[in-house]
Structures are given as C-alpha cells and as structure tokens.
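As the structure lists them, so they are numbered: ligands from 1, and atoms in each ligand from 1. All values derive from a computational prediction rather than experimental measurement. What you see below is based on every heavy atom in this structure, not just the backbone, and it leaves out hydrogens, waters and symmetry mates.
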Amino acid sequence: MSSPGKQSSRFESIVIPGSLEPTPLESIVWEKLGFSVTVTPFMGGSVAGEDGVYEAPTVVSAGVLRMPPQAGALNYGQALFEGMKARRGVDGRIRLFRVSANAARMASGADRLMLAPPTEDLFRKTVVDVVRANVDYVPPLGKGALYIRPLLVGSGMTLAPAACGETTFVVYVQPVGSYFKGLTCIGVKVEDEHQRAAARGTGWVKAAGNYAPCFQPTKKAKADGFADLLFLDHEGKRVEEVGSANFAMVKGGALYVADSPSILKGITRDSVMRVARERLGVDVVFAPLELARVLGTGDYAAAGPADEAFCMGTAAVISPIGSMRWKGKDYSFGSGAVGPVTTRIYDELDGIQTGRLPDSFGWTEVVS
Ligand code: PLP
Ligand code: COI
C-alpha cells in the first residue's frame with residue numbers, strides 16, 4: 001500500500017482507489033458462495049510502458065481503472081487473464097497452487113498478444129501481496145476458495161490495429177464456491193454449430209477475446225438445462241474443451257485426456273495427469289480425443305461410451321460429467337454417479353491443495 005509522502009506509481013494513477021465498495025465480510029454466507037462477483041478491499045498491479053519494463057507492484061484500495069477509449073484492450077481485444085486459487089488448509093494455513101505455471105502461461109500468452117510479460121517474481125509478489133491484504137476473504141476449509149484473477153490489459157492508446165505500447169497488470173481476488181455443482185455429475189451438450197477457437201488461432205492463449213463468442217451458444221445450452229457446452233475441432237470429430245475447462249474420460253481403467261493445439265494448456269489438466277500417473281498408477285493417454293471414443297459410436301460402438309467423464313480447471317475443479325447430448329441423442333457414462341477414478345483424482349488434488357496429503361510435486365506455496 002502506498003504510504004504518505006511516497007511518490008505514487010503509474011498503477012496508482014490508473015486506478016481510482018476506493019471507487020469500488022467492498023462487499024462487507026459479515027454479509028458473506030460462506031455456504032452459499034457461487035461464482036459471482038464479490039468485491040474485496042484490495043487489488044494490486046503494475047504498469048509497463050513501451051520498453052516492457054514494469055514498475056514495482058503496488059497494492060491499493062479496490063477501484064475502477066481509468067482507461068482511454070483508444071486503449072488497445074477496448075478496441076482490439078489486446079488482453080488476457082489467468083485464474084488461480086488460494087485455499088485454507090487443514091492446518092489453517094493458506095496455500096497457493098502452481099504459481100510458476102500460471103506465471104509462465106501468462107508470459108507466453110503475453111508474447112503472442114504483444115503485451116509486456118510480467119516476470120515470475122513480479123507475478124508472484126503481486127499475487128501474494130493481494131492475497132495477504134484480503135486474507136479475511138479466504139473462505140473456511142471446505143467452503144470454497146479465494147479466486148485470484150491476474151489480468152493483462154493493453155491500456156495504451158492506438159487507432160491502428162497494432163500493439164498499443166502500454167500494459168497494465170492487475171490482480172484482483174474474491175471468494176468463490178462451486179463453478180458447476182462440486183463433485184456431482186453435470187450434463188453437457190456437444191456443440192455442433194460453433195467452434196470455440198480456430199485451428200491455428202489463439203485458443204491456447206487465455207485471451208479475453210476467446211470467451212465472449214461462447215456466451216451466446218452457452219446461454220442457449222444453459223436455458224435447455226445443460227451445465228455447459230463441449231466444443232469440437234473444426235472437423236467436428238475431436239473433442240476440444242468445455243468453454244472454461246479441459247476434458248478427460250476414463251475407459252477400461254485408463255485416463256484419456258483431450259489434447260489439441262487450439263485449446264488452453266490447463267494447469268489442472270497437467271496436475272491431473274501427473275497425479276494419475278505418478279500417485280495413482282493410472283495409465284494416461286494424452287492425445288487428440290475422438291468424440292466417437294467418448295460416446296461409443298462409430299469405430300467405438302462395440303466398446304460403448306466412456307466409463308467416466310469429467311472436465312477440469314481452476315474454477316471448474318474436477319467436475320464429473322454424467323451425460324452428454326449430441327445431435328439430439330443422450331449418452332450417459334457409467335452408472336450416472338461419480339466414478340472411482342474421478343473420485344480418487346479429485347481426492348488427491350484436493351488433499352495436496354489443502355495440505356491434507358503430502359505435496360510431493362512442490363506445487364503449493366504457503367502465504368499465510
Ligand atoms: N480451458 C479454458 C478455456 C479455460 O478458461 C480454463 C480455465 O482456466 C481451462 C481450460 C483450465 O485451465 P486451468 O486448469 O489452468 O485453470
Ligand atoms: C479459471 O478456471 O480460472 C477460468 O479462468 C475459467 C473461467 C472462469 C473463465
């Protein structure tokens with residue numbers, strides 16, 4: 001936080017500190033947390049100019065950002081984000097999960113969108129400082145997590161569709177509960193009409209512009225009773241990902257994890273594969289995944305549908321998928337209840353993140 005007499009940072013001049021009213025802590029019902037906006041008292045960030053060098057990060061009272069209408073982010077979508085969680089552990093301590101991996105993914109996306117990549121040190125320091133400043137908003141164990149949203153925004157002015165020369169890095173946090181239904185099966189619809197990302201496009205970047213095109217078909221699917229959509233590749237043959245989570249299935253005891261050059265390289269996906277292989281002894285097939293294999297159609301008709309299916313992500317955690325609709329027909333997986341492999345993977349990851357099980361991978365960092 002800036003102290004009296006200290007020269008203010010560029011970040012402080014972009015934020016209007018205190019212009020967002022924090023949600024009073026006493027008004028939060030931890031048992032009822034979902035995935036909607038709660039404003040916490042503090043946020044942090046830093047600004048880099050044309051040279052791409054960030055100033056030291058600052059934590060300020062939550063506030064709106066001053067952004068010129070000519071900002072690259074507003075005109076041309078020069079923006080991306082990350083998603084992470086801080087969780088209260090069985091020992092009462094608060095842990096972050098895989099900070100380095102999130103920092104690295106933000107940096108590679110920044111490179112693609114010509115934004116200034118924050119160094120891992122800057123990323124970590126800002127995240128840790130903002131989590132510590134809002135520590136009272138970390139939900140109790142078993143009641144959710146503090147969701148961390150690092151943003152990278154092209155805040156400089158440009159009229160030409162080209163890099164705008166100034167990047168604002170912002171970290172805000174807020175408590176969240178379940179994104180879907182926790183460890184309860186959801187139903188998803190396979191999307192035939194729209195693709196999420198172009199084959200050689202930027203689906204692998206957590207670019208802000210990848211998300212808005214999903215809103216319209218997803219809203220329709222939700223109105224029809226589905227939790228989300230499963231997007232396919234440009235041929236409509238291979239599974240890409242859910243709008244906000246990667247996809248996996250279990251068949252004959254093996255875990256099949258969908259890969260594609262145009263999907264997000266999920267950090268939960270990577271963690272799931274390592275836990276499955278290295279801690280549970282499960283065979284992992286990490287490759288493009290045909291929809292026919294998931295549903296048990298075409299060449300896979302004799303084998304039948306997957307025994308288990310789930311999607312995974314920071315917000316989605318491990319969300320079991322009990323059924324899928326494709327071209328008007330419903331397919332269900334296993335007994336319709338959460339399968340044993342899904343349950344074991346969930347339990348391992350949850351155990352690592354909360355300190356209930358040893359973190360043999362060195363993924364967690366205690367912040368408080
Ligand atoms: N796919 C998309 C499109 C996402 O937005 C996310 C969420 O971050 C994921 C997958 C899962 O990624 P991660 O596990 O790193 O959160
Ligand atoms: C996440 O899981 O962190 C995401 O960013 C997904 C979604 C909420 C957009």
Side-chain angles (χ1 to χ4, degrees), residues 33-38 79-87 96-109 112 123 127 131 144-152 170-182 186 188 191 194-198 201-215 217-219 222 227-233 239-248 257-276 286 289 310-319 321 345-346 349-350 352-353 361 363:
L33 283 174
F35 205 85
S36 57
V37 172
T38 299
L80 58 83
F81 66 97
E82 272 301 325
M84 301 165 65
K85 277 178 177 168
R87 293 189 64 187
L96 297 172
F97 187 65
R98 304 203 66 177
V99 182
S100 308
N102 284 93
R105 187 170 65 186
M106 176 168 258
S108 66
R112 179 68 184 81
F123 184 94
V127 164
V131 170
L146 189 77
Y147 185 72
I148 303 163
R149 179 52 71 78
L151 282 177
L152 220 51
V170 185
V171 176
Y172 69 86
V173 298
Q174 66 146 86
V176 294
S178 293
Y179 186 74
F180 290 123
K181 292 184 181 170
I186 54 170
V188 304
E191 172 61 32
H194 304 91
Q195 259 184 269
R196 179 180 183 274
T202 49
W204 58 274
V205 177
K206 224 164 148 52
N210 288 338
Y211 291 80
C214 300
F215 296 170
T218 306
K219 186 174 179 197
K222 287 190 177 172
D228 214 329
L229 288 172
L230 178 68
F231 289 93
L232 301 179
D233 72 344
V239 168
E240 292 263 295
E241 58 187 331
V242 174
S244 52
N246 293 122
F247 180 83
V257 179
D259 195 23
S260 155
S262 48
I263 64 175
L264 196 75
K265 299 176 207 311
I267 292 160
T268 315
R269 182 183 76 163
D270 181 69
S271 311
V272 161
M273 291 196 286
R274 293 202 56 195
V275 158
F286 179 44
L289 177 59
F310 61 89
C311 63
M312 60 205 140
T314 301
V317 189
I318 308 284
S319 289
I321 299 174
I345 291 173
Y346 175 93
L349 266 189
D350 180 74
I352 293 171
Q353 291 173 350
F361 302 104
W363 284 338

Checklist outcome for this item: re atom 7 (C) of ligand 1, the protein heavy-atom contact at minimum distance is K206 NZ, 3.1 Å
Checklist entry - Would you say E82 contacts ligand 1, with heavy atoms under 4.0 Å as the rule? => result no
Checklist entry - When you measure from atom 16 (O) of ligand 1 to every protein heavy atom, which one gives the shortest distance, and what is it? => result T314 OG1, 2.6 Å
Checklist entry - Which protein non-hydrogen atom lies closest to atom 1 (N) of ligand 1, naming both residue and atom, and how far is it? => result E241 OE1, 2.6 Å
Item to check | Contact (N/O only, under 3.5 Å) between A315 and ligand 1 | outcome: no
Checklist outcome for this item: atom 13 (P) of ligand 1 sits nearest the protein heavy atom I267 N, 3.5 Å
Item to check | E82 to ligand 2, any heavy atom closer than 4.0 Å | outcome: no
Checklist outcome for this item: I345 and A276 have their tightest heavy-atom pair at CD1-CB, 4.3 Å
Item to check | Side chain proximity check, N246 to I263, heavy atoms < 4.5 angstrom | outcome: yes
Checklist entry - Does even one non-hydrogen atom of K265 get within less than 4.0 Å of ligand 1? => result no
Next on the checklist: If you define the side chain from C-beta out and look only at heavy atoms, does anything of F97 sit under 4.5 Å from T314?
Outcome noted: no
Checklist entry - For the residue pair Y211 and F81, is the inter-centroid distance of their aromatic rings smaller than 6.0 Å? => result yes
Checklist entry - For atom 1 (C) of ligand 2, what is the nearest protein heavy atom, given as residue, atom name and distance? => result Y147 OH, 3.2 Å
Item to check | The one among A207, S244, G266, C311 that brings a heavy atom closest to atom 6 (C) of ligand 1 | outcome: S244
Checklist outcome for this item: Ranked by distance from atom 11 (C) of ligand 1, the top protein heavy atom is G313 CA, 3.6 Å
Checklist outcome for this item: re atom 9 (C) of ligand 2, the protein heavy-atom contact at minimum distance is Y211 CE2, 3.8 Å
Next on the checklist: How far is atom 5 (O) of ligand 2 from the closest protein heavy atom, and which atom is that?
Outcome noted: K206 NZ, 2.6 Å
Checklist entry - Any idea which part of R149 is under 4.0 Å from ligand 2, heavy-atom wise: side chain, backbone, both or neither? => result side chain
Next on the checklist: Checking a contact table here: which protein heavy atom is nearest atom 5 (O) of ligand 1, and how many Å away?
Outcome noted: Y211 OH, 2.5 Å
Item to check | Minimum-distance protein heavy atom relative to atom 7 (C) of ligand 2 | outcome: S244 CB, 3.7 Å
Next on the checklist: Please check whether A315 reaches ligand 2 - meaning an N/O of the residue sits under 3.5 Å from an N/O of the ligand, judged on distance alone.
Outcome noted: yes
Checklist outcome for this item: Heavy-atom nearest pair, V205 first then L264, reads C-CD1, 3.8 Å
Item to check | Nitrogen or oxygen of R269 less than 3.5 angstrom from that of ligand 1 | outcome: no
Item to check | ligand 1-proximal atoms of L264, by part, heavy-atom distance under 4.0 Å | outcome: side chain
Next on the checklist: Need the ligand 2 atom indices (1-based, order shown) with element for anything under 4.0 Å from a heavy-atom of G83.
Outcome noted: 3 (O)
Checklist outcome for this item: among protein heavy atoms, the one nearest atom 14 (O) of ligand 1 is T268 OG1, 2.5 Å
Checklist entry - Does the side chain of D233 reach to within under 4.5 Å of the side chain of S262, using non-hydrogen atoms? => result no
